[in-house]
Amino acid sequence: MTFKGYKLNIWDIGGQKTLRPYWRNYYEKTDALIWVVDSADLARLNDCREELHNLLKEERLFGASLLIFANKQDIPSALSVAELEKALDIASISKRHCRIVACSAVDGTGLLEGFEFVVNDISSRIYLFS
Ligand SMILES: Nc1nc2c(ncn2[C@@H]2O[C@H](COP(=O)(O)OP(=O)(O)OP(=O)(O)O)[C@@H](O)[C@H]2O)c(=O)[nH]1
């Protein structure tokens, strides 16, 4: 995908438990993590928080920008960004460029805002070190 003149190579990696051991195959040279949360699925929030915080311990991902998409905002019962920040303990994520953006993959809300954050954050890093 090309966005704002940058070519993005994006891998959609399944979140199911059986697929999680394969996540490690994608850590090398990853510039950004996009963590998509089902904001309407309260039952999986604890698991979601634990997996996210475990993933962030991975040394090879220390430099990666983190975008959290609070997806499914089109569903009336979806948690707000503020509620998700609390449930996922986002405040404890330090030393990392992190943004949480409300979105809906169904109607497209928030997707541009999220990708703009990712691309701006990565590009500012690239220019800083080049
Ligand atoms: N209402 C609504 N439904 C959505 C939205 N995004 C995805 N879905 C639905 O949620 C279901 C699961 O979507 P997937 O894209 O398969 O979810 P996934 O997270 O990629 O699943 P894994 O790859 O197994 O982790 C599908 O029925 C989608 O249509 C959204 O923003 N709003």
Side-chain angles (χ1 to χ4, degrees):
M1 167 172 142
T2 301
F3 187 80
K4 288 182 136 191
Y6 292 92
K7 188 177 162 215
L8 308 179
N9 293 316
I10 302 175
W11 283 267
D12 176 15
I13 303 168
Q16 299 153 35
K17 273 205 165 75
T18 49
L19 296 175
R20 294 178 196 170
Y22 299 103
W23 290 0
R24 64 172 68 96
N25 298 330
Y26 298 87
Y27 294 162
E28 217 66 59
K29 294 187 180 159
T30 287
D31 293 311
L33 285 171
I34 302 178
W35 186 261
V36 183
V37 181
D38 183 338
S39 312
D41 189 349
L42 303 189
R44 290 204 302 175
L45 273 181
N46 277 341
D47 184 41
C48 176
R49 186 191 61 246
E50 276 169 27
E51 284 295 350
L52 174 62
H53 287 273
N54 273 338
L55 184 65
L56 297 179
K57 287 179 195 151
E58 169 58 43
E59 208 173 317
R60 284 171 290 175
L61 296 174
F62 278 175
S65 315
L66 173 64
L67 165 65
I68 299 172
F69 266 140
N71 193 33
K72 302 204 184 180
Q73 291 295 318
D74 58 291
I75 297 178
S77 62
L79 292 188
S80 66
V81 163
E83 288 168 322
L84 271 179
E85 271 174 350
K86 213 172 163 196
L88 299 179
D89 191 19
I90 301 301
S92 74
I93 300 174
S94 58
K95 298 182 193 156
R96 185 183 290 274
H97 293 187
C98 170
R99 175 86 51 94
I100 175 160
V101 173
C103 81
S104 165
V106 163
D107 64 23
T109 309
L111 300 183
L112 278 181
E113 183 189 340
F115 278 99
E116 257 165 30
F117 161 71
V118 164
V119 167
N120 290 341
D121 200 55
I122 298 172
S123 59
S124 62
R125 206 164 48 233
I126 289 170
Y127 290 126
L128 199 66
F129 292 111
S130 61

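Just so you know, ligand 1 is whichever comes first in the structure, and atom 1 is the first atom listed for that ligand.
- To the nearest 0.5 Å, atom CG of residue L61 and atom CD of residue E28 are 9.5 Å apart.
- Panel note: side chain N120, backbone E116; a donor-acceptor pair is recorded below 3.5 Å.
- Residue-level contacts of ligand 1 at the 4.0 Å heavy-atom threshold are G14, G15, Q16, N71, K72, D74, I75, S104, A105, V106.
- Once rounded to the nearest 0.5 Å, the distance linking CG of D38 with CZ of R44 reads 6.0 Å.
- Each of W23, Y27, Y22 was compared with N25 under the side chain to side chain contact (heavy atoms under 4.5 Å, CB included) criterion, and only Y22 meets it.
- The residue from V101, I13, L67 that alone fulfils the side chain to side chain contact (heavy atoms under 4.5 Å, CB included) condition with I34 is L67.
- Under the 3.5 Å distance criterion, the side-chain polar atoms of N71 are matched with a main-chain donor or acceptor of A105.
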